[in-house]
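Working notes, structure below.
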Amino acid sequence: MPELPEVETSRRGIDPYLCGKTVLATRVRQPQLRWPVSSQIIETLAGQTITHTGRRGKYLLLYTQQGCVIIHLGMSGSVRIVDSHQAAGKHDHVDIEMSDGVILRYHDPRRFGCLLWSELPVEQHGLLASLGPEPLADDFTGAYLHKRSRGRKVPIKSFVMDSHVVVGVGNIYANEALFMAGIRPQTMAGAVSAKRYTRLVQCIKQVISHAITVGGTTLRDFVGGDGKPGYFQQSLLVYGRAGQPCKQCGTELKEIRQSQRSSVFCPLCQD
DNA sequence: AAATCTCCCTGTAGGC
DNA sequence: TGCCTACAGGGAGATT
């Protein structure tokens with residue numbers, strides 16, 4: 001499941017192959033993604049030059065002079081750089097081919113992702129306009145979370161996973177960060193102190209920046225290959241470890257369901 | 001406004 | 001071995 005670190009790693013991987021290149025053709029084999037890929041994007045993109053790439057939360061952005069391609073990888077999506085000799089596989093839904101033959105290939109078995117065209121400024125696009133701060137940015141602080149959470153009865157885990165509060169904290173990192181901060185996922189967001197939010201923000205920044213570092217070394221196969229990410233093999237403290245002993249105290253980790261998502265926590269280390 | 005529920009999709013894991 | 005079902009999850013949009 002691509003979380004923010006994987007999207008950022010993907011962006012860095014494809015960036016040098018796309019910047020300054022002109023789009024020759026776009027091929028859409030399967031338009032039925034999270035939202036249908038507009039057939040209009042094919043003619044819109046043709047002849048346009050990619051000026052730079054960007055990212056907002058888990059949205060990957062390809063800028064041109066006229067607009068921006070917004071790509072979301074959903075939970076099974078990936079992008080990689082191939083050439084025209086590599087046959088498209090079953091779930092290779094979109095190719096964006098540059099005039100030098102380099103192809104950006106969008107792959108997404110479960111089709112939870114999307115690929116959209118937006119006018120500039122893309123920040124005003126409906127999907128991006130009301131997003132919260134970037135987790136690694138300076139404006140994401142304990143004080144900010146504390147202020148935003150006052151009066152909120154939602155569990156803290158749902159709160160930090162809300163992209164209107166902060167972007168890019170998916171289920172895995174929410175579980176990990178709450179463990180690191182010693183906070184139970186079911187704690188009401190409005191009942192958590194400023195001090196504990198400061199700790200939680202430190203943990204979120206730490207786990208995400210570490211994952212970007214690890215992703216940079218393991219998710220490197222952007223040219224050719226199968227583009228499969230590998231960094232989920234990194235040692236996780238709680239996610240996916242229900243029933244196993246806590247790495248900190250040995251207590252059996254518990255699992256609960258919150259908003260149709262699994263939460264794993266240590267009953268001793270988190271309160 | 002805030003909280004909760006539903007839905008999109010298919011690969012994988014578990015049961016028999 | 002193979003078939004069947006349950007489950008996983010990001011997040012927008014609908015519903016309560």
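In the text below, chain A, chain B and the rest are named by the order of the sequence lines, each starting its count at 1. What you see below is based on every heavy atom in this structure, not just the backbone, and it leaves out hydrogens, waters and symmetry mates.
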Phosphate OP1/OP2 of [N]: any [X] side-chain N/O under 4.0 Å:
X	N	result
A/Lys58	C/dG11	yes
A/Arg110	B/dC8	no
A/His91	B/dG11	yes

Legend entry - Derivation of the side chain to side chain donor-acceptor pair (under 3.5 Å) call for A/Tyr106 and A/Asp108: CA-CA 7 Å; A/Tyr106 177 90; A/Asp108 187 3; 3.0 Å; yes

Legend entry - A/Arg257 side-chain N/O to A/Gln260 backbone N/O, donor-acceptor pair under 3.5 Å: yes

Among the candidates [options], find the nucleotide nearest to the side-chain atoms of [X].
X	options	value
A/Gln260	B/dC5, C/dG11, C/dA12	B/dC5
A/Tyr239	C/dG10, C/dG11, C/dG9	C/dG9
A/Met75	B/dC9, B/dA3, C/dG9	C/dG9
A/Val154	B/dT6, B/dA3, C/dA12	B/dA3
A/Arg257	B/dC9, C/dA8, B/dA3	C/dA8
A/Lys90	B/dT4, C/dG10, B/dG11	B/dG11
A/Arg152	B/dA2, C/dG10, B/dT10	B/dA2
A/Ser262	C/dG10, C/dA12, C/dG9	C/dG9

Can you measure [X] atom [atom1] to [N] atom [atom2] for me and round it to whole angstrom units?
X	N	atom1	atom2	answer
A/Leu73	C/dA12	CG	P	15 Å
A/Arg111	C/dG9	CZ	C1'	16 Å
A/Arg56	C/dG10	CZ	C1'	16 Å
A/His93	B/dC9	NE2	C1'	9 Å
A/Asp162	B/dA1	CG	P	14 Å
A/Ile70	C/dG10	CD1	C1'	16 Å
A/Ile172	C/dG10	CD1	C1'	12 Å
A/Lys157	C/dG11	NZ	C1'	14 Å

Legend entry - A/Asp138 atom CG, over 12 foreign heavy atoms within 6.0 Å: no

Checking all strands, does [X] fall into the base, sugar-phosphate, or nothing category for heavy-atom contacts under 4.0 angstrom?
X	value
A/Tyr59	sugar-phosphate
A/Ser76	nothing
A/Leu127	sugar-phosphate
A/Arg34	base

Inset, instruction - Report the C-alpha distance between A/Asp100 and A/Lys21 in whole Å, list the side-chain angles of each, state the deciding distance to 0.1 Å, and finish with yes or no for salt bridge (Lys or Arg N to Asp or Glu O under 4.0 Å). - result: CA-CA 8 Å; A/Asp100 66 350; A/Lys21 304 283 180 62; 2.8 Å; yes

Inset, instruction - Measure distances between side-chain N and O atoms of A/Arg261 and base N and O atoms of C/dG11, and say whether any donor-acceptor pair falls under 3.5 Å. - result: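 Present.
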
Inset, instruction - On DNA chain B, check which nucleotide each of A/Leu33 and A/Pro155 is closest to and give me the residue with the more 5' one. - result: A/Pro155

Legend entry - A/Val160 and its side chain to side chain contact (heavy atoms under 4.5 Å, CB included) partner, picked from A/Leu200, A/Ile183, A/Val201: A/Leu200

Legend entry - A/Arg184/A/Asp271 ion pair, N-O < 4.0 Å: no

